[in-house]
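Below is one structure, written out as structure tokens; the observations come after it.
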2 protein chains.
Amino acid sequence: MPSTQYASTLHVLILLAADQDSVHTSTSLAARMDTNPVVLRRIIADLSKAGLVTTRRGAGGGVSLANNPEDITLGQVADVIEADMTFDVHHVSDQTEADFLTDAALTAIEAQRRELHAASIVELDRITLRDIMQAATLRADLARLLADGLSDDQIRNGYRIEKGRLVAIDD
Amino acid sequence: MPSTQYASTLHVLILLAADQDSVHTSTSLAARMDTNPVVLRRIIADLSKAGLVTTRRGAGGGVSLANNPEDITLGQVADVIEADMTFDVHHVSDQTEADFLTDAALTAIEAQRRELHAASIVELDRITLRDIMQAATLRADLARLLADGLSDDQIRNGYRIEKGRLVAIDD
DNA sequence: TGAAAATGTAACAGCACCTGTTACATTAGG
DNA sequence: CCTAATGTAACAGGTGCTGTTACATTTTCA
């Protein structure tokens with residue numbers, strides 16, 4: 001799957017989940033993700049059809065999450081965009097003479113592909129958007145403090161983790 | 001992954017495993033798989049480098065399995081050809097202004113990708129080449145008998161399953 | 001009511017990747 | 001020495017994805 005659609009979709013959802021109070025538009029998201037607004041509208045259209053986000057047209061409109069991040073699993077996201085995450089199976093044109101084993105092998109390989117797909121979705125359903133959003137926000141907070149010149153020790157002693165965010169300790 | 005390389009590789013291994021006594025060449029395999037011999041030589045070269053098959057050049061040469069089918073897992077096969085089976089992650093060029101969350105999100109998504117990859121290999125390691133080869137040979141035997149005009153009942157009563165093959169019952 | 005801002009889509013271009021193909025060097029057997 | 005096989009390099013063709021332009025539609029706000 002040389003398609004980056006699933007990763008881009010996750011990226012959008014993380015940005016939406018991490019800041020649910022701001023207005024997000026395809027243009028503002030595109031600037032942050034270094035791509036074109038239309039690319040994002042295509043992604044958002046899929047999410048909207050599946051009910052994961054709501055959109056509002058017109059001035060002041062934009063995109064927002066339809067549900068709480070903890071109620072969306074990565075498996076659902078994969079379903080929405082029909083992401084494959086397995087492998088492609090070649091097909092064999094009608095042979096000159098029947099090769100039963102080749103036909104049977106292709107059927108067995110396709111069955112194996114479906115099994116792997118099911119197992120992948122199960123694996124992805126164990127993670128929620130909240131999980132991956134918190135992993136990202138925590139890391140972003142840390143990078144922000146480091147960019148401000150704070151040392152590891154200063155961060156360790158002056159900040160604590162609360163709901164996946166680094167917050168300053170007042171004392 | 002719109003590449004059919006993994007499925008083709010499995011296909012080759014199934015054909016080799018199902019008939020280890022015959023000589024298989026890139027040309028004979030290509031005819032059965034409806035593709036070009038060079039495509040198969042590329043696949044075979046990878047398998048050979050990884051030690052899964054042995055090749056012999058020259059007249060009378062060809063390809064054969066290096067190990068027993070029960071000692072080869074589908075996970076090994078995926079490793080050999082560095083099959084991905086996850087998703088691609090987009091990359092963001094150096095931004096005009098730093099977006100810590102976007103950078104952190106990409107890191108989190110990449111971590112998630114590696115987790116899924118590891119889980120997929122674990123899943124694939126549960127299946128051996130023998131397993132999928134037997135699934136294919138059994139189905140091929142059945143299709144062959146049906147093509148010969150036997151009914152389901154005749155097959156049920158006249159044949160039994162032995163080591164993944166349908167064999168006639170002598171009575 | 002009109003301008004501005006946003007989504008929703010269609011159409012197309014460019015690029016990258018994959019498969020198939022030709023060609024040829026190398027190796028081995030009879 | 002001829003034949004048959006692997007091992008590779010080089011290139012062609014197709015396919016699919018991303019990016020882009022363009023425009024219709026919807027909505028808000030002054």
Side-chain angles (χ1 to χ4, degrees), chain A residues 1-12 16 22-66 81-85 87-93, chain B residues 1-9 11-12 16 22-66 81-93:
Chain A
M1 178 191 302
S3 170
T4 58
Q5 198 189 352
Y6 177 72
S8 296
T9 303
L10 273 189
H11 193 164
V12 169
L16 293 180
S22 300
V23 172
H24 298 278
T25 66
S26 61
T27 304
S28 70
L29 292 169
R32 301 183 71 179
M33 294 174 59
D34 187 34
T35 183
N36 190 288
V38 176
V39 173
L40 285 170
R41 283 182 217 142
R42 288 199 278 246
I43 290 172
I44 289 165
D46 287 342
L47 290 172
S48 178
K49 278 174 199 150
L52 293 189
V53 302
T54 57
T55 61
R56 288 198 326 280
R57 301 178 102 175
V63 197
S64 49
L65 278 186
I81 64 173
E82 294 171 30
D84 200 358
M85 312 211 180
F87 51 86
D88 278 10
V89 181
H90 55 294
H91 37 279
V92 167
S93 66
Chain B
M1 183 193 292
S3 170
T4 59
Q5 197 189 351
Y6 176 72
S8 297
T9 303
H11 193 165
V12 169
L16 293 180
S22 300
V23 172
H24 299 277
T25 66
S26 61
T27 305
S28 70
L29 292 170
R32 300 182 72 180
M33 294 176 58
D34 186 35
T35 182
N36 191 286
V38 177
V39 172
L40 284 171
R41 283 183 216 141
R42 287 198 278 246
I43 289 171
I44 288 163
D46 287 341
L47 290 172
S48 178
K49 278 173 200 152
L52 292 189
V53 303
T54 57
T55 61
R56 287 197 327 280
R57 300 177 103 175
V63 196
S64 48
L65 277 187
I81 63 173
E82 295 172 28
D84 201 359
M85 315 210 178
T86 56
F87 52 87
D88 278 9
V89 181
H90 55 294
H91 37 279
V92 167
S93 67

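Chain letters run A, B, ... following the sequence lines, proteins first and then strands; every chain starts at 1.
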Atom pair distance, as rounded to whole Å: [atom1] in [X] and [atom2] in [N]:
{"X": "A:Leu29", "N": "C:dA6", "atom1": "CG", "atom2": "P", "answer": "12 Å"}
{"X": "B:Ile43", "N": "D:dG7", "atom1": "CD1", "atom2": "P", "answer": "13 Å"}
{"X": "B:Leu47", "N": "D:dT6", "atom1": "CG", "atom2": "C1'", "answer": "14 Å"}
{"X": "B:His91", "N": "D:dT18", "atom1": "NE2", "atom2": "C1'", "answer": "11 Å"}
{"X": "B:Asp46", "N": "D:dG7", "atom1": "CG", "atom2": "C1'", "answer": "12 Å"}
{"X": "A:Asp84", "N": "D:dG16", "atom1": "CG", "atom2": "P", "answer": "14 Å"}

For this session: Could you run through nucleotides 14-22 of chain C and give me one letter per nucleotide, 5' to 3': B if any protein heavy atom sits under 4.0 Å from the base, S if only the sugar-phosphate is that close, - if neither?
Result: -----SBBB
For this session: Going 5' to 3' through nucleotides 24-30 of chain D, assign each nucleotide B (protein heavy atom under 4.0 Å from a base atom), S (under 4.0 Å only from sugar-phosphate atoms) or - (no protein heavy atom that close).
Result: -BBBB--
Exercise. Given the rule in the side chain to side chain contact (heavy atoms under 4.5 Å, CB included) test, do B:Gln5 and B:Asp46 qualify, once you have shown the distances and angles that lead to the verdict?
Worked result: CA-CA 11 Å; B:Gln5 197 189 351; B:Asp46 287 341; 3.3 Å; yes
If you look at every heavy atom in [X] and [Y], which pair is closest and at what distance?
{"X": "B:Ser8", "Y": "B:Ile43", "result": "CB-CD1, 3.6 Å"}
{"X": "A:Val89", "Y": "B:Thr4", "result": "C-CG2, 4.0 Å"}
{"X": "A:Ala7", "Y": "B:Asp88", "result": "CB-O, 3.3 Å"}

For this session: Run the numbers on A:Val63 and A:Val12 for side chain to side chain contact (heavy atoms under 4.5 Å, CB included), then give the verdict.
Result: CA-CA 10 Å; A:Val63 197; A:Val12 169; 5.9 Å; no
Problem set entry | Under 4.0 angstrom between A:Ser26 side-chain N/O and C:dT7 OP1 or OP2 |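 Yes, such a contact exists.
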Exercise. Does C:dG8 have OP1 or OP2 sitting under 4.0 Å from an N or O in the side chain of A:Thr55?
Worked result: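 Answer yes for this pair, as a side-chain N or O of A:Thr55 is under 4.0 Å from OP1 or OP2.
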For this session: With heavy atoms under 4.0 Å as the rule, sort A:Ser48 into base, sugar-phosphate or nothing.
Result: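 If one applies the 4.0 Å heavy-atom cut-off, A:Ser48 turns out to touch nothing in the nucleic acid.
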Expected list for residues 47-57 of chain A: side-chain donor-acceptor pairs under 3.5 angstrom, two or more places apart:
{"from": "A:Thr54", "atom 1": "OG1", "to": "A:Ser64", "atom 2": "OG", "distance (Å)": "3.2"}
{"from": "A:Arg56", "atom 1": "NH2", "to": "A:Gly60", "atom 2": "O", "distance (Å)": "3.0"}

Problem set entry | Qualifying residues under ring-ring contact (aromatic ring centres under 6.0 Å, His included), relative to A:His90, sequence neighbours excluded |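 Result, ring-ring contact (aromatic ring centres under 6.0 Å, His included) vs A:His90: B:His11.
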Problem set entry | All side-chain contact (heavy atoms from CB on, under 4.5 Å) counterparts of B:Val38, not counting sequence neighbours |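 Expected list: B:Asn36, B:Arg41, B:Arg42.
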